[in-house]
Colleague: 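For reference, the structure I am asking about is given below.
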Amino acid sequence: MDPAEYDLPVFHRGGFRRRTCVVCGSGFWTLGEHDRCQEAPCREYGFVGHPIFARPYDVRGMRSEFLGFFEARGHTRLRRYPTVARWRNDVFFTQASIYDFQPWVTSGAIPPPANPLAISQPVLRFNDLEEIGRSGRHFSLFEMMAHHAFNRPDHPVYFKDRTVELCHELLTGPLGTDPLGITYKEEVWEGGGNLGPSLSVGVAGLELATLVFMEYVRDGADLRPMPLTVVDTGYGLERFVWASQGTKTAYEAVFGAEYDELRRTFPPREAALLIDHARALNFLLTDGVVPSNSKEGYFARLVLRRSLRILDQTPEAPTLVALLDRAAREIALDFPEVGEHRDDLHRTVEAEIERYREAIARARQTIRRTEDRLRSTGGSVTSEDLLAWYDSLGVPPEVAVEELAAPPAIPEDFYARVAARHEGETPTTEYTETTAPLPEVPASVPATEVGYYLDPYTVSFEARVAHADGPYVVLDRTYFYPTGGGQVTDTGHLGDLAVVEVSRRGPHVFHRLERESPFRAGDKVRGRIDPVRRTQLMQHHTATHLLNGALREVLGPHAWQAGAYKAPEAARIDVTHYRPLSKEELRRVDRRVNEIVREDRPVKSYFEARTEAERRFGFTLYQGGAVPGKELRIVEVPGFDVEACGGTHCTHTSEVGAVSILDVERIQDGIVRLTFASGERALDLREEHEEILQEAARRLGVPVAHLPSGIERLLAEVEEGRRTRKERRREDLQGTAARLRAEAGAPADRRPLVIAAEVDLDRRELMELSRLLTRDGNAVAVLAAEREGRGTLFVGSTAPGVSALSVLEAGTPAFAGKGGGNPSAATAVGEPGEPLRTAWRAARDAANRATDD
RNA sequence: GGGCACGUAGAUCAGCGGAAGAUCGCUGCUUUCGCAAAGCAGAGGUCGGGGGUUCAAAUCCCCCCGUGUCCA
């Protein structure tokens, strides 16, 4: 990066000098006399015992100091965003404050909610779990305080100079840091295809903040300037608090009394880990993550189970629920939403604890059995087994060892070796913005004015063609709904040509025609939307919201929409829940939804400032993922459900008609899917189902009401028939066996009985017959059969010293038989006809010879 | 999203290329005034589904489905 990027007026004004760190070699700016940047590892921690701020702060005090400082300097204070980044498909969690504004705001697609702004964003990072409690400074959840500015060419806010000025003023002003002790180290930040210079702010060995200036787009080897430049800062709240108190570890400073309480029962490391995890879990669960075995749910399960393991090892430990409650009380002082819905959170946690206990109990059994088996063969359990058990059964090694009579040592690097087992796996697919292959539109084409938001009933309109390219037409205004938000496209006509698909990219709506567009820019066209399809889609979409509301009422607020799809034929909604829906829950959801439909409540759709909407309704607005825009389109069923949504909706719940839930399934751990239909389609389906029932009843010859018992009877009959057939076959075989035995007569003395016969049976029957013949012991059966042009020779023996296999082998060459077996049963297949008979005679003779001995 | 493990009698599981098993539960008989218990006898299986390899597949291979688990 060009050194000029860091050569800021603010440094020169303030008398800073640029130096080079003797350790890491980086350039840095400072007022003090330093030969190295003031960050670990270039210099050691110098703040422990010597706080670097004028006075100690707790978390709350520091947060409000920071936000107040920026608010007083023209920044709008924003509330936190959810810790689960539902609006992105490349990450699970909000890992930095800038995530709140990616990708829509930072790409310039939509304006920021405020500009400039200040926020303290709780962020989750699970990549250093092993360090938590051990390092003294790692957290799975921490708050990233930030001030952001988004600069458009026509609307600059501030960039590097002012950012550094603000940062420096904060540190040296209200916080009272010694100006000479601060270093601004030159770094390069790169991410998501963007890059820019950044400055890392170090004091007394601690990296307090990072100031990033997103400025360029990487275009191959070249850098292009971004149309929108972004100030992305990150100030670690916990670090600030720690530095202000100068305690030995960050945990003491950050968690205060809560930490002291736990220290009475746990060693420092465990105490810190427990509070840290309790804090993360509270946020995760509040923000709607249900513990599961995949995606974001796994991380909730991971921290939950890690906590449980520690609690389980300590007899006087509090319960996990109590621990979470204690942490929630603390968090709720600043984030009141975390304290709400305690009962629901408890139920989720209890369900997860139960599952963990079950998994461990099952695993213990498997482990014991495996060890028994190994020991009986002279083997023993190895540390490799411990790894495999952890991986496939989820048993932590300490638990496995408890179960073993001769446990191996738990490897020091156990979890590293677990990680090694996962190397070479296919990486997760990279984030790709899902844009249809739409043609480029000249910048001069104005944004499409869309009418469906405020008027979903207009299905015929006049518009002017703004741009046409191949089959694609962009209009100056449209009422066609483009695929999005889980709602499929409208169809219809432009002029006489069918519109087969409508999609949106950026500000433009593209109508794809059935063939090459005859229209040219400037043409006037009439748009007609297929009204039946549109109405059905509206009904399905509104019904989705109603179901979502009912599910949250019935299941609890942890039930978040995890996906939805609305097509004309049917719609579905996926919600997070910790176990399959019970019949009763389903019945209540069904009743509640249809009750809301009957009540004919208004469905209000309107635009509202994002900040205001979030304040009024909270983040549960974002059921369908975050919706871009400074203004949110709110779809509200007063007193029941409010969501930010861009879809077309009915204006009254009664228009939905009726909602029929067609199917419920668990699509993965922690997510249930409801498939349903509403409106006309629900009636159609009801009719179809009725017809199917009628038809089934007619074919069974019973009234519909007796279908279940009729089917039961039918099944019983089928079963009876199966039994009878089986019985008859057995009797046939028994008859054959009796006949053959009689023909063979009684053997002399105690010599084994040899029964040889040609029969017409298949392989399986041969085996059964042989079994019948030799059941009483001391007998040899030599059976031959022909089926499908192949000859089969079967030998069974219960005679001591007579090997069925040897007898068989005496016959195999004669009919080119291939086969094998064991001393008690052997079979071969070869040529049919005379060769088979020859083989059979050879085998019979061999059997007779063997029994003569 | 990927890796691994698992799916066999009503339940818990064994078997891991050659004639489907154990324990508990169930039914009947013996014993008892009755129950429990014990003994004896018996019923109960498309070995998750579908393809393939093989003379032969619960067993090996592939693809699905389901469950668990670890990792992103």
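All values below come from the heavy atoms of this structure, side chains included, with hydrogens, waters and symmetry mates left out. Residue numbers begin at 1 in each chain, while the letters A, B, ... track the order of the sequences.
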Colleague: Counting distance only, does the side-chain N/O of Thr366(A) pair as donor-acceptor with the main-chain N or O of Arg362(A) below 3.5 Å?
Modeller: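 Yes, because the side chain of Thr366(A) sits within donor-acceptor range (under 3.5 Å) of the backbone of Arg362(A).
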Colleague: Considering only atom P, compute the distance from U46(B) to G50(B) and round it to an integer number of Å.
Modeller: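 The same atom, P, in both gives a distance of 12 Å.
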Colleague: Using whole Å, what does the distance between atom P of nucleotide U53(B) and atom NZ of Lys818(A) come to?
Modeller: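 Going from NZ in Lys818(A) over to P in U53(B) covers 13 Å.
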Colleague: Tell me, please, which residues at least two apart from Arg763(A) pass salt bridge (charged side-chain N to carboxylate O under 4.0 Å, His left out).
Modeller: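 Residues passing salt bridge (charged side-chain N to carboxylate O under 4.0 Å, His left out) with Arg763(A): none at all.
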Colleague: Between Thr774(A) (side chain) and Thr798(A) (backbone), is there a donor-acceptor pair under 3.5 Å?
Modeller: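 No, Thr774(A) side chain to Thr798(A) backbone: no donor-acceptor pair under 3.5 Å.
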Colleague: Using a cut-off of under 3.5 Å, enumerate the N/O to N/O pairs linking the protein to nucleotides 19-23 of chain B.
Modeller:
residue : atom : partner   : partner atom : Å
A19(B)  : OP2  : Asn822(A) : ND2          : 2.6
A19(B)  : O2'  : Arg771(A) : NH1          : 3.0
A19(B)  : N6   : Ser824(A) : O            : 3.1
A19(B)  : N1   : Ser770(A) : OG           : 3.1

Colleague: In residues 277-296 of chain A, which ones come under 4.0 Å of RNA chain B, going by heavy atoms?
Modeller: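 Close to the strand are Asn293(A), Ser294(A), Lys295(A).
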Colleague: Would Glu831(A) and Arg790(A) pass as an ion pair if we require N to O under 4.0 Å?
Modeller: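 Salt bridge: no.
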Colleague: Does any N or O in the side chain of Asp276(A) come within less than 3.5 Å of the main-chain N or O of Ser140(A), such that one atom is a donor and the other an acceptor?
Modeller: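 Yes, the answer is positive, given that a donor and an acceptor are paired below the 3.5 Å cut-off.
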Colleague: Only pairs at least two apart or in different chains count here, so list each ring pair (Phe, Tyr, Trp, His ring centres under 6.0 Å) that has a residue in residues 365-401 of chain A.
Modeller: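 Checked against ring pair (Phe, Tyr, Trp, His ring centres under 6.0 Å) - neighbours excluded - the pairs reaching residues 365-401 of chain A are Tyr390(A)-Phe414(A), Tyr390(A)-Tyr415(A).
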Colleague: Mind checking Phe92(A) for me? I need base, sugar-phosphate or nothing, with any heavy atom below 4.0 Å counting as a touch.
Modeller: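 Contact class for Phe92(A): base.
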Colleague: Scan Gly819(A) against the nucleic acid and name what it touches under 4.0 Å (heavy atoms): base, sugar-phosphate only, or nothing.
Modeller: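 Base contact - Gly819(A) has a heavy atom under 4.0 Å of at least one base atom.
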Colleague: With a 3.5 Å distance limit and no angle check, can you tell me whether Asn822(A) reaches the backbone of Ala825(A) through a side-chain donor-acceptor pair?
Modeller: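 Side chain of Asn822(A) to backbone of Ala825(A), a donor-acceptor pair under 3.5 Å: yes, one is there.
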Colleague: Answer with yes or no whether the side chains of Thr792(A) and Glu786(A) bring together a donor and an acceptor at under 3.5 Å.
Modeller: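 Judged by distance alone, the side chains do not pair up.
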Colleague: Quick one about Thr812(A) and Glu809(A) (side-chain donor to acceptor, distance below 3.5 Å, no hydrogens or angles considered), yes or no?
Modeller: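 Judged by distance alone, the side chains do not pair up.
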Colleague: Which residues pass the salt bridge (charged side-chain N to carboxylate O under 4.0 Å, His left out) test with Arg730(A), sequence neighbours left out?
Modeller: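 Once residues adjacent in sequence are excluded, the partners of Arg730(A) under the salt bridge (charged side-chain N to carboxylate O under 4.0 Å, His left out) criterion are Glu727(A).
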Colleague: Between Arg837(A) and Glu834(A), is there a salt bridge with N-O shorter than 4.0 Å?
Modeller: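 The answer is yes: the pair qualifies as a salt bridge.
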Colleague: I'd like to know if the side chain of Arg306(A) and the backbone of Leu129(A) have a donor-acceptor N/O pair within less than 3.5 Å.
Modeller: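 Looks like yes, one N/O pair under 3.5 Å.
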Colleague: What is the distance, to the nearest angstrom, from the CD atom on Glu384(A) to the P atom on A5(B)?
Modeller: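 That distance rounds to 13 Å.
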Colleague: Go through U69(B), C70(B), A72(B) for me and flag the one nearest to the Ala359(A) side chain.
Modeller: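 My answer, after comparing the listed nucleotides, is U69(B).
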Colleague: Run the ring-centre check on Tyr81(A) versus Phe101(A) and record whether the distance is less than 6.0 Å.
Modeller: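 Centroid distance Tyr81(A)-Phe101(A): below 6.0 Å, so yes.
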Colleague: Are Arg301(A) and Asp669(A) within salt-bridge range, i.e. N to O under 4.0 Å?
Modeller: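 Between Asp669(A) and Arg301(A) there is a salt bridge, with a charged N closer than 4.0 Å to a carboxylate O.
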Colleague: Enumerate all atom pairs, one protein N or O and one N or O from nucleotides 56-65 of chain B, separated by less than 3.5 Å.
Modeller:
residue : atom : partner   : partner atom : Å
A56(B)  : O4'  : Arg763(A) : NH2          : 3.3

Colleague: Kindly state each residue pair satisfying ring pair (Phe, Tyr, Trp, His ring centres under 6.0 Å) with at least one member in residues 791-842 of chain A, sequence neighbours excluded.
Modeller: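 Listed once each, the pairs would be none.
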Colleague: Return a single string for nucleotides 8-15 of chain B, one symbol per nucleotide in 5' to 3' order, where B is base contact, S is sugar-phosphate-only contact and - is none, cutoff 4.0 angstrom on heavy atoms.
Modeller: ----SSSS
Colleague: Using a heavy-atom cut-off of under 4.0 Å over every strand shown, decide if Arg301(A) touches base, sugar-phosphate, or nothing.
Modeller: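 Arg301(A): backbone/sugar contact only, no base atoms under 4.0 Å.
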Colleague: Does Arg421(A) have any side-chain contact (heavy atoms from CB on, under 4.5 Å) partners at least two apart in sequence or in another chain, and if so, which?
Modeller: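 Partners of Arg421(A) under the side-chain contact (heavy atoms from CB on, under 4.5 Å) test: Glu384(A), Leu387(A), Ala388(A), Asp391(A).
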Colleague: Rounded to whole angstroms, how far apart are CZ on Arg421(A) and C1' on A5(B)?
Modeller: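 One finds 10 Å between C1' of A5(B) and CZ of Arg421(A), rounded.
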Colleague: For Ile667(A) and Gly820(A), take the nucleotide of RNA chain B holding the closest heavy atom to each; which residue's nucleotide lies nearer the 5' end?
Modeller: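 Counting from the 5' end, the first nearest nucleotide belongs to Gly820(A).
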Colleague: Stem ranges for RNA chain B, with three or more consecutive Watson-Crick or G-U pairs under 3.5 Å?
Modeller: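 Stem segments, range with range: B:1-7 with B:65-71, B:10-13 with B:21-24, B:26-30 with B:38-42, B:48-52 with B:60-64.
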Colleague: If a pair satisfies salt bridge (charged side-chain N to carboxylate O under 4.0 Å, His left out) and one of its residues is in residues 280-291 of chain A, list it, with sequence neighbours excluded.
Modeller: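 Residue pairs with at least one partner in residues 280-291 of chain A: Arg80(A)-Asp287(A).
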Colleague: If we check side chain to side chain contact (heavy atoms under 4.5 Å, CB included) with His558(A), which of these qualifies: Leu345(A), Val575(A), Val290(A)?
Modeller: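 With His558(A) as partner, side chain to side chain contact (heavy atoms under 4.5 Å, CB included) holds for just one option, Val290(A).
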Colleague: Mind listing the N/O atom pairs, protein and nucleotides 45-49 of chain B, below 3.5 Å?
Modeller:
none

